[in-house]
Amino acid sequence: MSEITLRNICKQYENEHFAVKDFNLDIHDREFVIFVGPSGCGKSTTLRMIAGLEDISDGELWIDGQLCNYFEPKDRGLSMVFQNYALYPNMTVYGNLAFALKIRKMSKTEIDKTVRGVAKTLEIEHLLERYPNALSGGQKQRVAIGSAIVRKPKAFLMDEPLSNLDAKLRAQMRIELAKIHKETETTIIYVTHDQTEAMTLGSKIVVMKDGLVQQVAAPAEVYNHPVNLFVAGFIGSPSMNFMKAWVAEEGGHAALYLGSMASDSKIILDGAKGQRLLEKEKGNEVIIGVRPEDIYEYEDAVKGGFDKNSINICKTVSTREVLGAEVVLYFEEQDKTQAVRLKPENMTRVGEDIDLYVDPDRIHVFDLSTEENIFYGKEQQA
Amino acid sequence: MNKKVKAKGRFSPYVYLVPSLVIFAVFLFYPFAKTIYLSLFKTNKMGEAKIFYGIGNYADLLSSPSFWNSMKVTLIFAVIVVVGSMLLGLITAVLCNKAFPGIRFFSTAYALPMAIASSSAAMIFELMLHPAVGIVNKLLGLDINWLNDPNTALYCVAILTAWLNSGINFLYFSAGLGNIDDSIYERASVDGASGIQKFFSLTLPGLSPIMFYTLVVNIIQAFQSFGQIKILTEGGPNESTNVIVYSIYRDAFFNYKFGSASAQSVILFIIIMLITLVMFRIEKKGVKY
Ligand SMILES: Nc1ncnc2c1ncn2[C@@H]1O[C@H](COP(=O)(O)OP(=O)(O)OP(=O)(O)O)[C@@H](O)[C@H]1O
Ligand SMILES: [Mg+2]
């Protein structure tokens, strides 16, 4: 049982600069919460404040109904994996894994059993007698994870625990972590840069930027209904395509003219979405966002019934990437490289033109000045 | 031609070593050889070898109670000095390892003994320990003649020496502590370790490589202490502070027994060398990372 609540948590270092500002979050028992955001946005700082390694400048931290702002790290009952491993150099891998248990005065046989069990899960059994300086980065990282999961804390705090593994091992460890989460039934707070980790592991994603929480939601929600331009661009790979467009009314529907009012490329938004757009931004310039997989070829557009909504969007392919199960075409639009994800059967070559159709239901529109998603909130109600 | 290059290649490293070898030869190797030579003779007052005495000087020493007293005094002195100065250096270094207001003042204060000449420190100590006007007796409300009482003189001199040597230890240990990664302390505190547990399972092992060198240097330094003994007690009272270095000095320059003094020097050299060798042996087994 562990409920962690952060209320208006702030962190101000000596230089008066806010590393974290007004952080609010409710973490429920057994949740797998992921902090994502660009480098320096305050993910580690927030995690360290929860662990008690960093003073909380302002706000309240509640763990299981207790105000924990002034608790010593050792009294918070959490366990942490550090970004830089933090292995004890004077102890073997075995000693590293056993340390927290020894402190808890567990019996020798029990320690041995637990340590060997964890070592087996993480495939580091053959390393138990080694010292940390004789380990590779990936091995160190696994030892660091191991030393956190040997005991049963109220919650695990993990700071980029997989950042130094190669792609294959990372995928394997990701599955392992998901399993560990399921088996231990423990709350996990997890910091990462990695999209895939964030989307696959998390039951809740916290997107941060410059010390401010941008959006807290389930992975699919963050992906499909980003609250603003930043979240939309940060989540997803290849990232969302952004283009400027003008909003006008045409036959009761909203029309988005790409680039300028005089452009002959336009996208028609009908239904509630179109109405909302007209209501808020009629006659204004906006930023539209479309994910690469929400752009189709003619046949698929006909199947989806939106072939009439995209008019005259014909682009010259500048780069072509074949990724096995899909092909990604890149084209230039408004001085930016935009991506389209198509079926692998598509044979368009570099330099050729392709007609593209945007799924109007999947289009995001952001206010030019506030950069907020103007459909956010309304969409959830619909 | 080829041969010449080869020959040049073989000798040139030694050519570069010549300046330091010359200095070593003049100030170290020659006096050392001369000491061994003198230890086998009886000398005149000018320190010139006169009568060959063989191992007689050594035999005389080994049967002299004064020599054995010197050995015992040296041992007690060295143990107190080494343990005291290392503990003092360690504690001060650990205290100064955290950032707090005024840390610069404390760091300077703890490193200061390094910069103080042993003789001037000894003179200040003499004043402090003065039986009538000294601050120590005044503060403790006692009436002890510290430096003239055979029961206390050795401890006083040893404690002064420990303090004098602690400055450099503070520096060594501070450097050693700086090499320990802070994040392992953070992990330990999340893991649930108390301050004492952190000290014994992280700090001490983290210092062990530097600890060894500090120990060797301290032992050698302790055996060679001289200035403060010369000023405070001159080996007395009743030979209770007559450490072997002082005994060498006294035999050579007061009693003009250069042969005996040389023999004691050789014995001191052998003792220090043995201790150092043994310690290097232990170190090879002890430090594993
Ligand atoms: N001790 C410190 N003193 C002053 N500023 C700090 C300190 N530690 C971190 N910061 C600043 O706080 C901000 C947040 O840092 P933090 O380490 O939380 O970033 P992060 O999101 O974990 O980044 P990364 O993904 O690179 O690890 C950064 O701008 C950083 O420069
Ligand atoms: Mg970080």
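Here is the naming used below: chain letters follow the sequence lines, and residue numbers restart at 1 for every chain.
Nearest heavy-atom pair, B/Gly192 versus A/Ile103, reported as atom, atom and distance to 0.1 Å: O-CG2, 3.4 Å.
At distances below 3.5 Å, at least one donor-acceptor pair connects side-chain atoms of A/Tyr88 with backbone N or O atoms of B/Ala188.
Counting only heavy atoms from C-beta outward, the side chains of A/Leu53 and B/Val190 approach each other to under 4.5 Å. When side chains are defined from C-beta on, B/Ser208 does not count as touching A/Asn90, because their heavy atoms never get closer than 4.5 Å. Using a 4.5 Å heavy-atom threshold, the side chains of A/Met91 and B/Ser201 count as touching.
When the shell of 6.0 Å around CZ of B/Phe24 is examined, it contains 12 or fewer heavy atoms from other residues, nucleotides or ligands. Other residues, nucleotides and ligands place more than 12 heavy atoms under 6.0 Å from the CZ atom of B/Phe100. Residue A/Phe18 places its CZ atom among more than 12 non-hydrogen atoms of other residues, nucleotides or ligands, all under 6.0 Å distant. Annotation: B/Lys198, atom NZ; neighbour count of heavy atoms from other residues, nucleotides and ligands within 6.0 Å is above 12. Heavy-atom contacts from other residues, nucleotides or ligands closer than 6.0 Å to CD1 of B/Ile135 number 12 or fewer. Heavy atoms of other residues, nucleotides or ligands lying less than 6.0 angstrom from CD1 of B/Ile196 number 12 at most. At most 12 non-hydrogen atoms from other residues, nucleotides or ligands lie less than 6.0 angstrom from OH of B/Tyr172. Atom OH of B/Tyr213 sits in a sparse spot, with 12 or fewer heavy atoms from other residues, nucleotides or ligands closer than 6.0 Å.
Neither the backbone nor the side chain of A/Arg76 comes within contact range of chain B; no heavy atom of the residue lies under 4.5 Å from a heavy atom of that chain. For chain B, the nearby part of A/Phe99 is the side chain; its heavy atoms alone come within less than 4.5 Å. Using a 4.5 Å cut-off between heavy atoms, A/Leu157 makes no contact with chain B at all.
Ranked by heavy-atom pairs under 4.5 Å with chain B, the first of A/Gln83, A/Glu72, A/Arg104 is A/Arg104.
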Original post:
What's the verdict on side-chain contact (heavy atoms from CB on, under 4.5 Å) for A/Met80 and B/Glu186, showing C-alpha distance, side-chain angles and the deciding distance?
Top reply: CA-CA 10 Å; A/Met80 181 157 176; B/Glu186 297 188 334; over 6 Å; no
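Of the N and O atoms on the side chains of B/Arg187 and A/Asn96, at least one donor lies less than 3.5 Å from an acceptor on the other residue.
Taking a cutoff of 4.0 Å between a charged side-chain nitrogen and a carboxylate oxygen, B/Asp191 and A/Lys74 do not qualify as a salt bridge.
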